[in-house]
Amino acid sequence: MTDKYNDIALEFDSLSIGYSKNEPVATNLSAKVSWGENIALVGQNGSGKSTLLKTLSLLQAKLHGTITINGKNSDHLDDKDKAQFTGIVLTRREVIANMTVEDLVMLGRYPFTPWHGRLTKEDLKKVSNALEATGIYKKRKSLLSELSDGQLQKAWIARVLAQESKILFLDEPTSFLDQPSKMEIFGLISDLVRKENKTVITATHDLDLAIQKCHRFWLLNEKGELVDKLPEELIMDGSINDLFAGKGFEFDLDQGRFIRKNKFSRNYNIKGSPHLVKWVEHAFNKHNISENIPEKLSVTESDKKLIFRLGEKEFTRMSQFLESIKSM
Ligand SMILES: Nc1ncnc2c1ncn2[C@@H]1O[C@H](COP(=O)(O)OP(=O)(O)OP(=O)(O)O)[C@@H](O)[C@H]1O
């Protein structure tokens with residue numbers, strides 16, 4: 001099975017997932033994914049994303065149904081096939097005492113080493129390639145306990161890259177990261193898909209980034225169904241909003257991102273260029289300022305400085321402008 005590629009990387013049919021003593025988390029799930037596809041697995045907290053990833057990566061036993069990986073029933077895969085085809089990065093990233101980044105990434109090669117467990121030159125090359133690809137080569141000698149959350153995340157991704165698994169399952173790889181690091185991780189995933197034809201399935205709550213980067217969404221909805229659609233289809237049919245049902249967010253079709261629903265959104269009579277007015281209104285709405293302001297309001301930009309006018313008064317800081325309006 002190792003060298004031949006089926007068209008379909010992964011397929012599952014009538015799959016039930018869960019923990020044996022309890023009610024199944026979800027039943028009757030079916031979908032398929034080709035090589036080189038980038039899937040976002042989305043759904044509310046507790047909908048079963050982690051359970052599905054662990055089941056598809058064969059880390060956890062399925063309750064019912066079939067999983068087919070590269071054309072072969074998962075029940076008939078040996079451990080080497082499993083390591084070659086599936087690699088998972090879990091949400092709870094362990095910090096193993098006294099382990100360096102390089103040690104962790106080397107673990108990715110162990111399914112393929114002979115009985116004596118020594119890594120060959122080729123294995124070491126794969127380890128350094130994985131460290132380079134994730135941008136943490138310089139940190140290879142650092143202890144895991146010395147890394148930032150983003151670096152630790154990259155170290156775990158490097159471990160599955162060194163394993164050279166063809167299908168990667170990433171469980172919330174961007175949780176705890178700042179916005180630039182989130183974008184970097186999603187960029188890295190896109191590169192792996194585009195340049196190496198890997199199939200990546202990412203459970204995520206970062207919907208804006210997933211909409212930008214992922215080819216398809218698998219949405220685990222509140223009925224326990226798996227909806228398999230393009231993100232654009234979910235946006236256009238309105239079902240993307242179901243993800244935030246009752247949580248005060250909605251997808252803004254003009255801005256192409258999720259925004260907090262603002263029941264009290266008002267338009268003020270402010271003169272100025274649209275982008276300046278937009279941010280002044282943003283602050284006014286947040287501070288719940290009444291739109292009935294007796295004075296003329298304007299915001300202008302001159303010599304890269306902003307000038308806020310309230311009747312005859314001028315301010316260079318929006319905070320002073322806001323305070324003055326609040327005190328009227
Ligand atoms: N080890 C476990 N034993 C029993 N039940 C579990 C276990 N892990 C998770 N569950 C239950 O399975 C259900 C699905 O959990 P899961 O972690 O898969 O959801 P999730 O969509 O990944 O959630 P989140 O977005 O909050 O990470 C939940 O009801 C959870 O309580």
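These values consider heavy atoms only, across backbone and side chains, with no hydrogens, waters or symmetry-generated copies. All ligand and atom numbering here is 1-based and tracks the order in the structure. Only a predicted model underlies this, so the values are computations on that prediction, with no experimental measurement involved.
Polar contact with ligand 1: present for Ser47 (N/O pair, distance under 3.5 Å).
Using modelled atom types, no side-chain atom of Arg109 and backbone atom of Leu124 make a donor-acceptor pair closer than 3.5 Å. Checked by atom type and distance alone, the side chain of Lys49 pairs as donor or acceptor with a backbone atom of Gly43 at under 3.5 Å. Without hydrogens or angle criteria, Ser298 side chain to Lys271 main chain gives no donor-acceptor distance under 3.5 Å.
Protein heavy atom in closest approach to atom 10 (N) of ligand 1: Tyr19 CE1, 3.4 Å. With hydrogens left out, the protein atom closest to atom 17 (O) of ligand 1 is Ser50 CB, 3.7 Å, a heavy atom. Nearest protein neighbour of atom 25 (O) of ligand 1, counting heavy atoms only, is Lys49 NZ, 2.7 Å.
A salt bridge between Asp206 and Lys213 is absent, with no side-chain N of the basic residue lying under 4.0 Å from a carboxylate O of the acidic one. A salt bridge links Lys326 and Glu323; the closest N-O separation between the charged side-chain nitrogens and carboxylate oxygens is under 4.0 Å. Between Glu184 and Lys154 there is a salt bridge, since at least one side-chain N of the basic residue sits less than 4.0 Å from a carboxylate O of the acidic one.
Against a heavy-atom cut-off of under 4.0 Å, Glu172 is close to the following atoms of ligand 1: 24 (P), 25 (O), 27 (O).
Counting heavy atoms closer than 4.0 Å to ligand 1, residue Gln44 contributes backbone atoms (N, CA, C, O) but none from C-beta onward. Contact annotation for Val25 and ligand 1: only side-chain heavy atoms (C-beta onward) come within less than 4.0 Å of the ligand.
There is no protein heavy atom less than 4.0 angstrom from atom 30 (C) of ligand 1.
At least one heavy atom of Gly46 sits under 4.0 Å from some atom of ligand 1. Contact annotation: His205 has at least one heavy atom less than 4.0 Å from an atom of ligand 1.
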